[in-house]
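Note that the coordinates shown come from a computational prediction; the quantities given were computed from them, not determined experimentally. The first residue in the sequence is number 1, and the count goes up from there.
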Amino acid sequence: MKSRHETWVRPPGLDPEEAAELLLRDLHSSRVGLTSVEAQRRLLQFGRNELRRRGGRRWPGELARQFTHPLALLLWLAAVLLTVVGSFVVAVAVVLIIFLNAAFAFVQEVHAEHAVEALAAYIPQRAKALRDGVPREIDAIELVPGDVVVIGAGDRIAADIRLLQGAVEVDMSALTGESVTTLRSAAILDVDVPVLTAHDLVFSGTSCTGGEAHGVVFATGMNTELGRIAALSERVEQEPSPLERQVRRVAWLIAVVSVSLALAFIPLATFGIGLSLVDSVVFAAGLLAGMVPEGLLPVITLALAVAVRALAARGALVKRLSAVETLGSTDVICTDKTGTITENHMRPTHVWTASGLLDLDDPAALQRGTPPDPAQVTVGRIAATCNNARLEPDEEPSGDPTEIAVLLAARELGAGLAAAERESDRCWQFHFDPELKLMSTVDRHHGRLAIRTKGAPEALLPLCTTFLAAQGKQPLTDSDRQRITAQVDAFAADGLRVLALAERELPPDRRPPHRRSDAESDLCFAGLIAMLDPPRPEVADAVRDCRSAGIRIIMITGDHPLTAAAIARRVGITGSDPTVISGRQLEELGETELRTLVNRTPDIVFARASPEAKLRIADALNEEGHVVAMTGDGVNDAPALRRADIGIAMGRSGTDVAREASTMVLTDDNFASIATAVRDGRRIYDNVRKFIIYIFAHATPEVMPFLFFALGGGRIPLPLTILQLLAFDVGSETLPALALSREPAEPGLMARPPRPRSEGVIRGPMLLRAWLFLGAIVAALQMTGFFFVLTRAGWTLGDPTGPGQPLHHAYQQATTMTFLGMIAGQIGTAFAVRTSRASLRSVGVLSNRYLLAAIAGELLLAAVFAYTPPFQKLLGTAALPASDLLFLLPYPFIVWGADELRRYLIRRHNSRSPQ
């Protein structure tokens, strides 16, 4: 069953465009649907009606990856070395650390990966199907080929369906990218046409905006048009993010250096310094454990997970943790217009007739005391009757946003809006046709019939022979047409959408036309209604922030070039004279020309662009080395979303396929959320660097005790045991590192240019600061504390300190002093790395409450390690007197103060350097 489920395609000979009775025969169904038993059998045969990822379960591989990362491999090697020399307890502890790190990182990755599944599924939860001849509400995932379903206004269509009876208006934008509705009717039989254009077919992922129909399901799940495109989009390879590449590179570097040093030292220490083989292997294992930043990967993972949750609260749901960093390095954002830059809420602004322009935003122009203009009255009447939206008192407006805006204009013109009266006067309706761009109705008016038409000006104007002037109907001359076209262009240049309205009264003895071509002819042009889809109020500030941060914004839209350019200028995406490339112009450009265009043209808008154009643009920008964020909502946007460094899907209006292909979902469909995500991405990247310095700074004090032990030829006892080192790395180091990831943004964060793609997360100056400055200071302090305690007890070079020896307790206190000295120095390091150049006072010494809590927790944990008998026995620690604790008190201030002085000298040098 499973193989049939996975590989089923339409049976040979099944043609959804064939006659309905033949299709029902091929599907072994009927107009009364399937029986419940047959439906269950087909569910087992064809599988659930859902989109599936290829490749099956991914979590085993993701979990295995956590155990085979280069840093994990180093710890495995250390565990093997410890096992060879008989240090089984320490080896078990190292393996436990490996499992803790892997589980921690895996849980965080899975949590973020599955967060997007909290969004409502695009395929509806319920559907109405005829089962046993009776309409029943069922789970949409249980629909099977042969089911007869009932489709009504407001329904999401859950499968590919051939209509059997009735007619519906369908929003096909999920598949075609067109935001206008299209009529689908069982009465219209198309043959030998593309499937998506067949008038008797509706498809999964689309929605019904009006009407009612019955239809038979002929494809479900991955066999639908939606599933086919989803499968195609998965073929686009997804590159690892910059952070993933950089961390992997650094991890391998640490691995190679650590293994080389450890393996080279074993023969050197054994034959050159005189250490025993066992002691040499212990040193090598300690060197590996000291060089490996065990907390690095879990802390990066958890820090990014915290950022994911914070972004989700701001309207941006990130699917991959590393995408947060990628957002911070983004230097180009390719954005849609409708719903992302704008509100996707139409509002009428002007009415234009031959008598003049009426500004609907001007209260004085709308005063009712002046005699009504006949042309405006006619426009209001057409707008109110040639309409299917509802604008009733005490009710929420319902219907298409454009039609609601037209009704609002009609209300301002004094027309009656009662839906019941409109429907009673309507005799016939020609639904809106996206190819003709027209809608018409036949209505009774003062005892006579009239045809009312609205649509795109360029489509309606050629059908008009007269126009309505102050003197009544006048012949429509070429100069009149030019005047109307000029006004349309003027509206479009202001970013407005324009509809033209016309009517024709029929002679009393003439039957109403039933052919569309007969009805929509010889019309009298009445006027224009201009509507604004206003930009979101917060978008202009977000665009300004992005531009000041050196991020280019490219608008890619299906709108008219003049409208697109006007909106781009209005929100600040471009200057006053942008370069506008239409879809046809883009098709004529070669790949090299396109790359040159997007790289050298600062202000550019792509209008009338297709989803395929988005993919080409993403490819061109990537070839030029840009880090690209691309928005999209339709199914056909999926390949471009996958190709971009950051694919951004719409949570409200986007399709399930687009959300699946994306790395980030805007739950509010708002461009401002992208800017917020970029800001947080930069902040998180800065903070990642801070805790990388913090974690790496402790490599020096962790390795130094083993170097003293080795170079002393065994005459200096090991100042820090491996178990103490592991307790330091995992127990006390993680909390402050995580707290550093919550650092607020430093001033001027969005005034810096984006980082180059080639710039690594770890740079040379960072390592010098970590290893040779902060680390060296902490190492000197900890070793000072170790020798202070040991020599005070009377130890001299070469004295035995093992179990049973008189100095063993003093040795345990000395290693505890080393351990606590590292923690004290670590606290100073945490405060030092909070800024890279500025003084700590400028950001507030106590401003990060998470760090203060982490340090308190770290001190409590240190007390547990040093003063509780179980941990004293496990780690080899011993209680220290109060005088020794006072000796540790200046450590944090020495470390922080030294780095504060270093940063002051750097600022002073930079201020004196010539600009």
Side-chain angles (χ1 to χ4, degrees), residues 348-362 364-387 405-417 425 437-494 496-508 510 513 518-531:
T349 60
H350 297 86
V351 172
W352 183 89
T353 66
S355 303
L357 180 66
L358 175 63
D359 186 351
L360 298 180
D361 292 329
D362 182 4
L366 298 175
Q367 289 179 356
R368 301 298 180 211
T370 58
D373 178 72
Q376 293 177 1
V377 172
T378 302
V379 168
R381 182 171 62 245
I382 299 171
T385 55
C386 186
N387 203 310
V406 171
L407 275 187
L408 291 172
R411 185 176 63 183
E412 297 296 341
L413 295 173
L417 305 180
D425 289 341
K437 301 182 181 178
L438 296 172
M439 171 187 174
S440 298
T441 58
V442 182
D443 306 293
R444 291 187 183 90
H445 178 59
H446 297 313
R448 302 179 67 175
L449 294 179
I451 297 173
R452 277 78 180 262
T453 303
K454 74 175 190 292
E458 65 270 21
L460 187 143
L461 199 55
L463 305 178
C464 298
T465 56
T466 59
F467 74 99
L468 196 59
Q471 302 82 8
K473 289 185 180 179
Q474 300 292 323
L476 190 62
T477 64
D478 290 341
S479 62
D480 295 323
R481 295 178 188 275
Q482 292 174 3
R483 178 187 174 198
I484 296 170
T485 302
Q487 184 60 54
V488 171
D489 290 343
F491 282 142
D494 288 336
L496 304 177
R497 183 178 181 184
V498 188
L499 283 181
L501 301 97
E503 71 172 0
R504 172 165 62 99
E505 287 195 0
L506 298 175
R510 182 175 174 183
D518 294 336
E520 295 171 344
S521 63
D522 197 24
L523 298 173
C524 177
F525 177 84
L528 305 171
I529 294 179
M531 295 161 289

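- The two residues Ala530 and Leu496 make their nearest non-hydrogen contact at CB-CD1, 3.8 Å.
- When the side-chain contact (heavy atoms from CB on, under 4.5 Å) test is applied to Pro475, no partner is found at least two apart in sequence or on another chain.
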Taking distance alone, no hydrogens or angles, what donor-acceptor pairs closer than 3.5 Å link side-chain atoms of residues 455-471 to residues at least two apart or in another chain?
unit_1: Thr465; atom_1: OG1; unit_2: Asp522; atom_2: OD1; d: 2.6

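- Nearest approach of Ala384 to Leu407, heavy atoms of both residues: CA-CD2, 3.9 Å.
- Taking OG1 of Thr349 as the start and CG of Leu408 as the end, the distance is 12.0 Å to the nearest 0.5 Å.
- Here the closest heavy-atom approach between residue Ser355 and residue Ala375 is recorded as OG-CB, 4.5 Å.
- Pairs of residues two or more places apart, or lying in two chains, that qualify as ring-ring contact (aromatic ring centres under 6.0 Å, His included) and include a residue from residues 468-494 are His350-Phe491.
- Qualifying side-chain hydrogen bond (donor to acceptor under 3.5 Å, both in side chains) partners for Thr485, counting only residues two or more places apart in sequence or in other chains: none.
- Take Thr477 and apply the side-chain hydrogen bond (donor to acceptor under 3.5 Å, both in side chains) test, not counting sequence neighbours, and it matches Ser479, Asp480.
- Evaluated for a side-chain contact (heavy atoms from CB on, under 4.5 Å) with Asn387, the options Val406, Thr441, Ile382, Leu417 yield exactly one hit, Val406.
- The side-chain hydrogen bond (donor to acceptor under 3.5 Å, both in side chains) test applied to Thr353 returns no partner, not counting sequence neighbours.
- Lys473 places no side-chain N or O within donor-acceptor distance of the main-chain N or O of Cys524, the cut-off being under 3.5 Å.
- The nearest pair of heavy atoms linking Ala415 to Gly380 is CB-O, 3.4 Å.
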Show me the donor-acceptor pairs, under 3.5 Å and distance only, between side chains in residues 499-506 and residues at least two apart or in other chains.
unit_1: Glu503; atom_1: OE1; unit_2: Arg452; atom_2: NE; d: 3.3
unit_1: Glu503; atom_1: OE2; unit_2: Arg381; atom_2: NH2; d: 3.1
unit_1: Arg504; atom_1: NE; unit_2: Ser521; atom_2: O; d: 2.8
unit_1: Arg504; atom_1: NH2; unit_2: Asp518; atom_2: O; d: 2.9
unit_1: Arg504; atom_1: NH2; unit_2: Ala519; atom_2: O; d: 3.0

